[in-house]
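Just so you know, these numbers come straight off a predicted model, no measurement behind them.
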Amino acid sequence: MDNKYKLTINGKQFFEFNDENLLQIDALQLDNNHFHVLKNNVPYTATVVEKNFLSKKYTIEINGNTYFIDISNSLDLLIKDMGIATGSSKQVNVVKAPMPGLILDIEIEIGQEVKENQALLILEAMKMENTILSPRAGVIKTIKVAKGQAVDKGHLMIEFE
């Protein structure tokens, strides 16, 4: 059976791969977290910054640009097609900074009701704007950051009621 994979990049771009596509990637693993990739005769340096095998979420740096990648395999895609929610019992009550950066914009207010995947704020990190999305539907209890504020990784930014 040909396995299928769907990659979601920064929550916006989607790419689909199968086993055959993966075999065509010209990549050389340099060490545990560093790779040299050649695509269309153009070299790329890729570094795995963070990895969570259980949730299939990765932070990858390619030629100085940071990407947040979610991977879905054949089983994940089948479960989604069947309409079965995974992790629906998880209740996230806080949003923390995924990396150090600068708060460029806050798109919500205290007391505002938000939907899952709604934009909460814009975090600039390594010269890239990253939209931080709501992990769940809920009401904003507190906003612990301000526009123009620098934050460290793990800094508490938003609390839900």
To the nearest 0.5 Å, what is the distance between [atom1] ([X]) and [atom2] ([Y])?
| X | Y | atom1 | atom2 | result |
| --- | --- | --- | --- | --- |
| Leu102 | Glu129 | CG | CD | 10.0 Å |
| Phe35 | Thr47 | CZ | OG1 | 9.0 Å |
| Glu124 | Leu104 | CD | CG | 5.0 Å |
| Ile25 | Phe17 | CD1 | CZ | 5.5 Å |
| Leu123 | Asp105 | CG | CG | 12.0 Å |
| Tyr67 | Ile60 | OH | CD1 | 11.0 Å |

So, for [X] and [Y], which heavy atoms are closest and what is the spacing to 0.1 Å?
| X | Y | answer |
| --- | --- | --- |
| Pro43 | His36 | CB-NE2, 3.8 Å |
| Val151 | Ala97 | CG2-CB, 3.9 Å |
| Val145 | Gln149 | CA-OE1, 3.1 Å |
| Lys153 | Glu50 | NZ-OE2, 2.8 Å |
| Ala125 | Pro100 | CB-O, 3.4 Å |
| Leu120 | Ile108 | O-CG1, 3.5 Å |

(Q) On the six-membered ring of Phe14, is Lys6 placed so that its NZ or CZ lies under 6.0 angstrom from the centre and within 45° of the ring axis? (A)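 Yes - Lys6 lies over the ring of Phe14, closer than 6.0 Å to its centre and within 45° of its axis.
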Please tell me whether [X] and [Y] are part of a single hydrophobic cluster in this structure, the criterion being side-chain heavy atoms less than 4.5 Å apart.
| X | Y | result |
| --- | --- | --- |
| Ile62 | Val42 | yes |
| Met157 | Leu133 | no |
| Ile103 | Val94 | no |

Any side-chain heavy atom of [X] within less than 4.5 Å of one from [Y]?
| X | Y | answer |
| --- | --- | --- |
| Lys115 | Ser134 | no |
| Thr59 | Pro98 | no |
| Pro135 | Val95 | yes |
| Met99 | Met126 | no |
| Asp19 | Tyr5 | yes |
| Asn52 | Tyr58 | no |
| Thr131 | Lys12 | yes |
| Leu121 | Ile158 | yes |

Q: Could you give me the CA-CA distance, side-chain angles and deciding distance for Phe68 and Ile9, then say whether side chain to side chain contact (heavy atoms under 4.5 Å, CB included) is met?
A: CA-CA 6 Å; Phe68 302 98; Ile9 314 294; over 6 Å; no
Q) Can any side-chain N or O of Asp152 pair as donor or acceptor with the backbone N or O of His155 at less than 3.5 Å? A)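 Flag not set: sc Asp152 to bb His155 has no pair under 3.5 Å.
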Should the heavy atoms of other residues, nucleotides or ligands under 6.0 Å from [atom1] of [X] be counted, would the total exceed 12?
| X | atom1 | result |
| --- | --- | --- |
| Lys51 | NZ | yes |
| Gln29 | CD | yes |
| Lys4 | NZ | no |

Q: Tell me, with the steps shown, if Ile122 and Glu107 meet side chain to side chain contact (heavy atoms under 4.5 Å, CB included).
A: CA-CA 8 Å; Ile122 308 291; Glu107 300 187 4; 3.6 Å; yes
**Q.** Glu159/Thr142 under side chain to side chain donor-acceptor pair (under 3.5 Å): CA gap, chis, key distance, verdict
**A.** CA-CA 5 Å; Glu159 291 180 302; Thr142 58; 2.6 Å; yes
Q: Applying side-chain contact (heavy atoms from CB on, under 4.5 Å) between Val48 and each of Ile69, Asn32, Asn33, report the one that passes.
A: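 Running side-chain contact (heavy atoms from CB on, under 4.5 Å) over Ile69, Asn32, Asn33 with Val48 returns exactly one hit, Asn33.
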**Q.** Test side-chain contact (heavy atoms from CB on, under 4.5 Å) applied to Arg136 and Asn117, Asn93, Val114, the passing residue
**A.**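 One option only clears the test, and that one is Asn93.
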